[in-house]
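Below is one structure; the comments refer to it alone.
Nothing fancy with the numbering, it's 1 onward along the sequence.
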Amino acid sequence: MAMAPAKLYRKSSSANKIQRQQRSNSSFQFLTCLGRYGVVFCILLAALWLTILWRSHSTLLKKIAINDGETKSALGIPRLPFQKKNLDDLPKLPTPNDAATWRLPPGIDAIYERAKRDDQLCRSLEPDGFTGYDVSTRIHYQKDTIATLPAFGFLGDVEAWNTSKSIGDPIAEPSRWQCELPADTECHESQFTVVFMAYNPDRLGITLNMIRKMLEEEEWNDIVSEVVIVWNGEREVDESEHGRKVLAFAKGHKLRIVYPLKMGFPNDLMNRYHPDVVQVTSKAILYYDDDGPFYSSAAVRGGFELWKRHSSAQIGAMARQLDYGPRQQKERTELDPKPNDSLFVTHCTNVDDKVSYNFRYFANYDANMVLPSGSFLHVNYLCFLWHPVLAPIREFVLAHPVHPDDMTVSMIVSQLSGRAPRVYSRRLGSRDKSKQERRQLRRIADSNATLREDDEDDPDTGVIPSSEQRRSLMHGIDWDAGSGMNDAKQVWADLRTIAVNALVRYFGSLNSGSIGWCEGTEHYNPSIPGKCQPVMAKQGMLPWMNADNTHKDTCP
């Protein structure tokens, strides 16, 4: 019995030796096989590895959070303008099952159809036959080369979009840009988001004063859901005492500061309209520049109620008229001589149509655009404003020396909505205040960089008073001043006119002009220039508001 374990051990050891020999033979055979087929095996292995890596990378890009400031691929960064390519070089179009996801939003389709119709009308006006529009993308002004847009360029950009879509592009992903037009009314909305654009920490004192009012005072905080500062500057917010106060105030209030430059965007005035930058949850957005001008809560409530009744339109308080050329003025009168904000006048460069930017007064009626401060916009329009098909127009805003984001937004929104902006009274004085009280309010408002209340005996003609000449767009000059033109101001006015003509020619049409606050009231007078008398309303005059400045229940 004592020998049994030894025999078993020897047997087991012998068996292990045989097994080791078999494994050695197998290894030799495997190495021999690998030597013979190693190249093919490595190629197949590399192909499999690359396929797995590509699929995981593509999936990761689509799942990256929108607010990841380090990854530009997940953001709607505007691409370069679409270039027409040889058809043989184009990527394959989507299959019929995918075609629906690649369709342009309905609003853009409507602009396209309008532009096609107007293009044909303009061609028919050429007496000696049409030879083609000027397709230059830049023009010369004095010694400078200025960015512009080609006539009916929107048609070409849409056609290029339809033939150059690339499946899998995370920026132009079709499901990301299926925009929806807003409803005509939003009667049940009760609050809005306020978006300030700022870039200089030394200028935040005025901004903070207004934000404090909006978030702490009773007359504001029931209608303001949140305040967002779009920080568009290279300097940090905390580089000034005012900036540090803003950051401290944000910790305990409904105030967010967003940094588009850190998200990969260029320094662009259009950043305040990007849906990924502002991430607004309300349907209504009230826009302000950091230096105003700011309006009283009574005036803003009137504007908000007007927006609720016309939510598909842009609503503004400082509206600009674009004076038509002679042929266009005749066409506008023939379309409908009465106030009608749902018409469009053609713009035909082949017969030398030109419009002029009228900066000498703020119009109630016949305004074609509004300035950002105090303007209301439906959140749905943000998707359209940054749709990839409109990348050329955004690049135009960046390249042009006056960076005309205000006229660009008004132009796009009016084309999408099929109507001109609506205008509300940016001043809303009280009939019950004495003249002395009104003057005191005026002094207080001016000291707070807020537009003054109207004096009852002030013959306001709509011409811009000196108290409102605060904006310094370039080199410390009050460019929006209505009088005292000098050479520098004339250059600015010319550049604004060049910019607006580029935008109008791009679409080939211009809206028929705004309808003022006094429409349908005893204060409407078609025989005077502004058509509203007084130009600025007082409490009880707005047809959609009660005498105590509460809104009427009639909406729409």
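With a 4.5 Å cut-off on side-chain heavy atoms, H387 and L104 count as touching. When side chains are defined from C-beta on, L181 does not count as touching N380, because their heavy atoms never get closer than 4.5 Å. A heavy-atom distance below 4.5 Å is not found between the side chains of D341 and N511. Side-chain contact between H347 and F507: absent, with no pair of heavy atoms (C-beta onward) separated by less than 4.5 Å. Annotation: side chain of P372 is in contact with side chain of R272 (closest heavy-atom distance under 4.5 Å). Looking at heavy atoms from C-beta onward, F154 lies out of side-chain contact with I393 at the 4.5 angstrom threshold. Side chains of Y524 and E519 form a contact here, defined as non-hydrogen atoms less than 4.5 Å apart. Looking only at side-chain heavy atoms (C-beta outward), S414 and N368 stay at 4.5 Å or farther from each other.
To the nearest 0.5 Å, the span separating CZ on F344 from OG on S512 amounts to 7.0 Å. With rounding to the nearest 0.5 Å, the separation of CG in L286 from CD1 in I315 is 12.0 Å. To the nearest 0.5 angstrom, F304 atom CZ is 5.0 Å from K308 atom NZ. If you take CH2 on W231 and OH on Y259, they are separated by 8.0 Å, rounding to the nearest 0.5 Å. Between atom CG of residue L255 and atom CZ of residue F196 there is a gap of 9.0 Å, rounded to the nearest 0.5 Å. The NE2 atom of H378 sits 10.0 Å away from the CG atom of D184 when rounded to the nearest 0.5 Å.
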### Message
I'd like to know whether Y295 forms a side-chain contact (heavy atoms from CB on, under 4.5 Å) with M318, so could you lay out the CA-CA distance, the side-chain angles of the two residues, the decisive distance to 0.1 Å, and finally the verdict.
### Response
CA-CA 11 Å; Y295 314 135; M318 293 195 297; 3.3 Å; yes
### Task
Go through L503 and T408 one step at a time and tell me if the side-chain contact (heavy atoms from CB on, under 4.5 Å) criterion holds.
CA-CA 7 Å; L503 288 163; T408 297; 3.5 Å; yes
### Message
With salt bridge (charged side-chain N to carboxylate O under 4.0 Å, His left out) as the criterion, how do D323 and R360 come out once you've worked through the C-alpha distance, each side chain's angles and the decisive distance to 0.1 Å?
### Response
CA-CA 12 Å; D323 297 331; R360 288 179 169 81; over 6 Å; no
### Message
Applying side-chain contact (heavy atoms from CB on, under 4.5 Å) to R235 and D202, what does each step give before you reach the verdict?
### Response
CA-CA 10 Å; R235 297 173 60 190; D202 299 323; 3.1 Å; yes
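Residues passing the salt bridge (Lys or Arg N to Asp or Glu O under 4.0 Å) test with K245 are E241, sequence neighbours excluded. Listed by chain and residue number, nothing satisfies the salt bridge (Lys or Arg N to Asp or Glu O under 4.0 Å) test with D118 (two or more places apart in sequence, or in another chain).
At least one donor-acceptor pair under 3.5 Å links the side chain of H403 to the backbone N or O of L398. No donor-acceptor pair under 3.5 Å is formed between the side chain of R419 and the backbone N or O of L343. Between the side chain of N501 and the main chain of V355, a donor-acceptor pair closer than 3.5 Å is present. W386 contributes no side-chain N or O that, together with a main-chain N or O of L390, makes up a donor-acceptor pair within less than 3.5 Å. The closest donor-acceptor contact from the side chain of S311 to the backbone of A183 lies under 3.5 Å. Put simply, the side chain of S225 never gets that close to the backbone of Q191: no donor and acceptor are under 3.5 Å apart. Between the side chain of T521 and the backbone N or O of H523, at least one donor-acceptor pair lies under 3.5 Å. For the pair R505 (side chain) and L149 (backbone), a donor-acceptor distance under 3.5 Å is present. Looking only at distances, no side-chain donor or acceptor of W220 sits under 3.5 Å from a matching main-chain atom of M210. With hydrogens and angles ignored, the 3.5 Å screen pairs no side-chain donor or acceptor of R426 with any backbone N or O of M536.
In summary, D222 and R301 engage in a salt bridge, as defined by a charged side-chain N under 4.0 Å from a carboxylate O. Contact check on E305 versus R309 returns a salt bridge, with a Lys/Arg side-chain nitrogen under 4.0 Å from an Asp/Glu carboxylate oxygen. By the 4.0 Å N-to-carboxylate-O rule, D406 lies close enough to R496 to be salt-bridged with it. Salt-bridge check for K262 with E236: passed, with a basic side-chain N closer than 4.0 Å to an acidic carboxylate O.
At most 12 heavy atoms of other shown residues, nucleotides or ligands fall within 6.0 angstrom of atom NZ in K330. Atom CD of E180 has 12 or fewer heavy atoms from other residues, nucleotides or ligands within 6.0 Å.
Between E219 and I223, the closest heavy-atom pair is O-CD1, 4.5 Å. Counting all heavy atoms, side chain and backbone alike, N271 lies closest to P266 at ND2-O, 2.9 Å. Annotation for L542 and G302: closest pair CD1-CA, 4.2 Å, computed over non-hydrogen atoms. Nearest heavy-atom pair across P556 and C187 is N-SG, 3.5 Å. Minimum heavy-atom separation, Y365 to G530: CD1-O, 3.6 Å. Taking every heavy atom of both residues into account, V258 and V277 meet most closely at CG1-O, 3.5 Å.
Residues S509 and Q415 bring a donor and an acceptor atom of their side chains to less than 3.5 Å of each other. When only modelled atom types and interatomic distance are considered, S417 and S312 share no side-chain donor-acceptor pair under 3.5 Å. Side-chain contact of S410 with Q314: a donor-acceptor pair under 3.5 Å is present, judged by distance alone.
In this structure, F192 has its ring center no closer than 6.0 Å to that of W307.
Between F265 and H274, the ring planes lie perpendicular to each other; the angle is over 60°, past the 30° to 60° tilted range. H253 and F249 have parallel rings, their planes meeting at less than 30° on a 0 to 90° scale where 60° marks the start of perpendicular.
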